[in-house]
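The block underneath contains the structure these notes are about, expressed in structure tokens.
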Amino acid sequence: MRLTRYFLPVLKENPAEAQIVSHRYMLRAGMIKQQAAGIYSWLPMGFKVLKRLEQIVHEEQIRAGHIPLLMPTLQSADLWRESGRYDAYGPEMLRFKDRHDREMLYGPTNEEMITDIFRSHVESYKSLPLTLYHIQWKFRDEVRPRFGVMRGREFLMKDGYSFDLTKEDALHAYNRHMVSYLRTYERMGLTAIPMRADSGPIGGDNTHEFLVLAKTGESEVFYDAKVPELKLGDRTVDYDNRDEVAAICKEFTTLYARTDETHDEALFNQIPEERRCIGRGIEVGQIFYFGTKYSEPMGATVTTPDGAKVPVEMGSHGIGVSRLIGALIEANHDEKGIIWPEGVTPFHVGLVNLKQGDVATDAACEALYAALKAKGLDPLYDDREERAGAKFATMDLIGLPWRITVGPRGLANGLVELTSRRSGESEEMTPEAAVAKIVEIYAGI
RNA sequence: CGGAGCGUAGCGCAGCCUGGUAGCGCACCUGCUUCGGGAGCAGGGGGUCGGAGGUUCGAAUCCUCUCGCUCCGACCA
């Protein structure tokens with residue numbers, strides 16, 4: 001993309017309403033525009049990142065054997081009366097009536113609807129296990145939206161629902177989700193730690209939240225210093241192998257890691273003192289086994305091999321996709337702007353022409369731009385009539401992980417400069433070498 | 001929902017207290033010079049001062065109502 005042909009309304013000054021860094025940078029980098037309290041338009045570059053995150057989530061869910069579908073944003077109140085949640089859910093649920101005076105709501109979650117789909121079409125244990133998920137906009141009428149997309153009212157969420165015959169099967173679905181989530185976050189360049197969460201009135205310990213460590217996180221977290229070092233890496237996982245999946249879950253949940261809601265001081269103090277960490281975290285996902293909470297009142301049953309009808313065992317598993325962008329920026333930025341991890345960057349590389357209009361630099365940039373695109377890469381070419389400083393500042397702000405700088409000085413020796421946004425280190429090389437290096441960096445991402 | 005603020009040009013702000021018909025910086029347009037970290041000079045365009053009502057000869061400014069947004073707290077992915 002050529003910057004002169006793109007729509008990237010960057011702001012030089014900080015918008016007054018933005019308090020935290022991710023919100024400020026998203027506004028300044030022209031990623032979002034607020035349309036009402038907690039409701040945002042996604043401008044092209046923000047939309048690009050959002051779609052990229054969606055894509056990663058889809059790929060990892062499908063890899064785990066989960067099946068995508070799409071449920072509507074609007075729901076009928078009737079379903080929610082069946083589960084009893086129409087009255088239980090507070091004013092955060094946006095309710096309204098259509099022209100026929102039917103009670104409707106903008107879905108804050110989809111347990112009732114997926115259970116309805118399930119009971120309409122699944123009759124036998126032979127159809128299990130089944131995990132259906134979608135990535136859809138939700139609405140929760142927060143009293144006080146803030147922090148940009150981190151706590152908006154409208155938000156994009158992946159929510160998946162598992163259906164199994166037995167509790168053991170359902171717990172395998174739970175574990176499968178945990179591993180798929182770990183892989184998802186890792187691909188995005190995030191360290192998200194599964195922490196035992198508050199399970200509420202249902203009890204048990206079968207719920208975990210995934211927290212990204214960040215100073216601005218909303219939750220206080222207590223953890224063993226060894227936990228953030230755990231990595232899935234490039235190991236392959238057979239999602240149907242219960243023992244293997246369970247072993248990975250054990251590996252990631254055995255060491256102490258909890259939020260303030262479930263913190264246990266005595267257990268925490270058993271960690272060697274030098275490894276006790278207290279910090280803050282941003283919740284970017286949660287997995288939950290809840291058994292027959294919805295299947296029973298809503299009559300979602302399956303026939304067992306014995307011919308009996310039993311309510312199906314369920315779990316729900318969510319990733320806050322739009323919120324993840326905020327978390328990514330909170331975890332990856334400096335005083336100049338965003339620093340995108342390679343896995344989620346809106347453009348692979350920024351191409352800066354230091355002397356627009358100069359025959360030699362223009363030609364070199366055009367050649368580089370074409371060569372990068374020919375390799376299947378997505379470069380952003382800053383072809384504006386701007387001075388060097390302005391171009392660098394824009395690149396630093398929008399945070400592309402790599403920058404190729406083309407100026408008359410280097411070009412006199414046939415060289416361009418490749419700069420890492422994260423380390424700030426630059427290296428001079430030929431244009432061909434720069435393209436090769438970028439290709440190498442993105443191989444396998 | 002309790003408490004506190006703020007709405008003046010695309011963005012950031014001043015003007016309001018003490019009424020006299022709107023200003024600064026950035027951005028934008030034109031020209032010249034500049035050109036490796038948000039350039040300089042000159043010229044130019046852009047605002048029903050959130051909205052409605054009231055007081056007044058006269059309201060961005062005072063009063064009332066209303067809408068929107070932000071912050072602290074409680075709540076929450």
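By convention in this document, chain letters (A, B, ...) are assigned in the order of the sequence lines, proteins followed by strands, and residues within each chain are numbered from 1.
- Residue A:N413 contributes atom CG, which lies 17 Å from atom P of B:G36 at whole-angstrom precision.
- At a threshold of 4.5 Å between non-hydrogen side-chain atoms, the residues A:W340 and A:R421 do not count as touching.
- Closest-nucleotide positions on RNA chain B for A:E92 and A:T419 were compared, and the one nearer the 5' end corresponds to A:T419.
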Evaluate A:F118 against A:M298 for side-chain contact (heavy atoms from CB on, under 4.5 Å), listing each step before the verdict. CA-CA 10 Å; A:F118 182 90; A:M298 294 184 67; over 6 Å; no

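- Of the candidates A:E142, A:R144, A:E218, A:R151 forms a side chain to side chain contact (heavy atoms under 4.5 Å, CB included) with just one, namely A:E142.
- When rounded to the nearest whole Å, the span between CG of A:L190 and P of B:A77 equals 19 Å.
- OP1 or OP2 of B:A39 sits under 4.0 Å from a side-chain N or O of A:R387.
- Residue A:K12 places none of its side-chain N or O atoms closer than 4.0 Å to OP1 or OP2 of B:C26.
- Within the structure, side chain to side chain donor-acceptor pair (under 3.5 Å) pairs that include any residue of residues 24-34 of chain A comprise A:Q34-A:Y40 (at least two apart or interchain).
- A:R24 places its CZ atom 14 Å from the C1' atom of B:G12, with the value rounded to the nearest Å.
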A:I398 and A:M31: side-chain contact (heavy atoms from CB on, under 4.5 Å), yes or no, with the steps? CA-CA 9 Å; A:I398 67 175; A:M31 296 176 67; over 6 Å; no

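- Within the 4.0 angstrom heavy-atom criterion, no nucleotide atom of any strand lies near A:T109.
- The shortest non-hydrogen separation linking A:M395 to A:L380 is CE-O, 3.7 Å.
- When distances run from any side-chain atom of A:F392 to the nucleotides B:A77, B:C11, B:G36, the shortest one goes to B:G36.
- The partner of B:C76, taking Watson-Crick or G-U wobble pairs whose two distances both stay under 3.5 Å, does not exist in any strand shown.
- A heavy-atom distance below 4.0 Å to RNA chain B is reached by these residues of residues 351-370 of chain A, ordered by number: A:L354.
- With a cut-off of 3.5 Å on both pairing distances, the Watson-Crick or G-U wobble partner of B:G68 is B:C6.
- A:G407 comes within contact range of at least one nucleobase, with a heavy-atom separation under 4.0 Å.
- Residue-to-nucleotide contacts include a donor-acceptor pair under 3.5 Å from the side chain of A:R403 to the base of B:G37.
- For RNA chain B, the residues of residues 322-343 of chain A within the heavy-atom distance limit of 4.0 Å (strictly under) are A:R323, sorted by number.
- Applying the 3.5 Å distance criterion, the base of B:G25 shares a donor-acceptor pair with the side chain of A:E13.
- Residue contacts for A:A390: at a heavy-atom cut-off of 4.0 Å it reaches a base atom on one of the strands shown.
- Spacing between atom CG of A:D141 and atom C1' of B:C75 amounts to 13 Å, rounded to whole angstrom units.
- At whole-Å resolution of the value, CG in A:N14 and P in B:C13 are 10 Å apart.
- Note: CD1 (A:I282) to P (B:A77) measures 15 Å, nearest angstrom.
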Scoring nucleotides 67-74 of chain B by protein non-hydrogen atoms under 4.0 Å (B base, S sugar-phosphate only, - none) yields --SSBBBB

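- Under a cutoff of 6.0 Å and an axis angle of 45°, A:K167 and A:Y289 do not form a cation-pi pair.
- Residues satisfying the ring-ring contact (aromatic ring centres under 6.0 Å, His included) test with A:W402, not counting sequence neighbours, are none.
- Figure legend: A:R140 and A:Y89 shown without cation-pi pairing, the cationic atom not lying both under 6.0 angstrom from the six-membered ring centre and within 45 degrees of its axis.
- Residue A:E154 contributes atom CD, which lies 18 Å from atom P of B:A77 at whole-angstrom precision.
- Between A:E440 and A:K437 there is no salt bridge, since none of the side-chain N atoms of the basic residue sits less than 4.0 Å from a carboxylate O of the acidic one.
- Nucleotide B:A42 is matched to B:U30 when pairs are restricted to Watson-Crick or G-U wobble geometry with both distances under 3.5 angstrom.
- In the interface, the side chain of A:R28 is paired with the base of B:G38 through a donor and an acceptor atom under 3.5 Å apart.
- Side-chain atoms of A:T394 lie closest to B:G38 of the nucleotides B:G36, B:G38, B:A77.
- Relative orientation of the A:F288 and A:F290 rings is tilted, given thresholds of 30° and 60° on the angle between their planes.
- Exactly one of A:H66, A:E60, A:Q61, A:E59 qualifies for a side chain to side chain donor-acceptor pair (under 3.5 Å) with A:R63. That residue is A:E60.
- Base pairing of B:G25: its partner is B:C11, meeting the Watson-Crick or G-U wobble criterion (both donor-acceptor distances under 3.5 Å).
- Residue contacts shown for A:G410 include a base, since a base heavy atom lies under 4.0 Å away.
- If you take CD of A:E261 and P of B:C76, they are 8 Å apart, rounded to a whole angstrom.
- Not counting sequence neighbours, the partners of A:T394 by the side chain to side chain donor-acceptor pair (under 3.5 Å) test are A:R384.
- Across all strands shown, B:C16 forms no Watson-Crick or G-U wobble pair with both distances under 3.5 Å.
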